A.B. asks: 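Handing you a structure now.
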Amino acid sequence: MRHLIKEKHQIFIAVVTDCTTYPKFAYEIDIFEGNPKDLTEREWGWTEHKSTNWFLYRTREEAYDNAIKEALQLI
């Protein structure tokens, strides 16, 4: 599930589940590059933000809260 942080900045968060041993959660942040209202431009698409502080969280809410904090630093 992707959530729009702020339409003006086109930053999306996805909380993902890691089920290797026990359900744990992480997040992904994607940034849209280009004009979302005019996709006829040649250069547009998604860029994945590579977090320097990657962790697994015990709850979905904890992962989402930390993702929002990191996404706000990108603005």
Side-chain angles (χ1 to χ4, degrees):
M1 174 192 278
R2 295 192 182 267
H3 296 277
L4 178 62
I5 290 294
K6 192 170 183 180
E7 191 169 321
K8 178 180 177 184
H9 297 287
Q10 297 296 306
I11 297 175
F12 293 81
I13 290 175
V15 175
V16 295
T17 305
D18 174 12
C19 294
T20 53
T21 56
Y22 182 80
K24 300 173 286 295
F25 301 94
Y27 62 82
E28 298 173 354
I29 298 176
D30 294 321
I31 303 168
F32 186 81
E33 304 289 339
N35 182 357
K37 295 181 174 46
D38 182 14
L39 298 180
T40 61
E41 295 179 1
R42 292 185 141 198
E43 299 293 325
W44 65 272
W46 293 98
T47 302
E48 182 180 350
H49 169 68
K50 302 288 186 187
S51 176
T52 56
N53 299 320
W54 193 86
F55 294 102
L56 291 174
Y57 300 94
R58 292 180 185 213
T59 66
R60 180 176 298 278
E61 292 79 15
E62 186 180 12
Y64 188 67
D65 288 347
N66 283 286
I68 289 173
K69 290 175 188 174
E70 185 163 343
L72 289 174
Q73 292 176 0
L74 298 174
I75 297 175

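Just so you know, these numbers come straight off a predicted model, no measurement behind them.
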A.B. asks: Quick one: side-chain contact (heavy atoms from CB on, under 4.5 Å) partners of D18, sequence neighbours excluded?
C.D. replies: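 Result, side-chain contact (heavy atoms from CB on, under 4.5 Å) vs D18: T20, K24, L56.
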A.B. asks: Could you tell me which non-hydrogen atom of A26 sits nearest to which non-hydrogen atom of A63, and how far apart they are?
C.D. replies: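 Here A26 and A63 meet closest at O-CB, 4.2 Å.
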A.B. asks: With Y27 as reference, evaluate V16, N66, D65 under the side chain to side chain contact (heavy atoms under 4.5 Å, CB included) test and give the passing residue.
C.D. replies: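 Filter result, single survivor: N66.
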A.B. asks: Return the CD1 to CG distance between I31 and L74, rounded to the nearest 0.5 Å.
C.D. replies: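 Interatomic distance, I31 CD1 to L74 CG, rounded to 0.5 Å: 5.0 Å.
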A.B. asks: State which residues pass side-chain contact (heavy atoms from CB on, under 4.5 Å) with E61; sequence neighbours excluded, sorted by chain then number.
C.D. replies: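 side-chain contact (heavy atoms from CB on, under 4.5 Å) check on E61 returns T59.
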A.B. asks: Which residues satisfy the side-chain contact (heavy atoms from CB on, under 4.5 Å) test with R60, sequence neighbours excluded?
C.D. replies: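 Residues passing side-chain contact (heavy atoms from CB on, under 4.5 Å) with R60: V15, T17, F25.
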A.B. asks: At their closest point, which heavy atom of I29 faces which heavy atom of A67, and how far apart are they?
C.D. replies: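 Here I29 and A67 meet closest at CD1-O, 3.7 Å.
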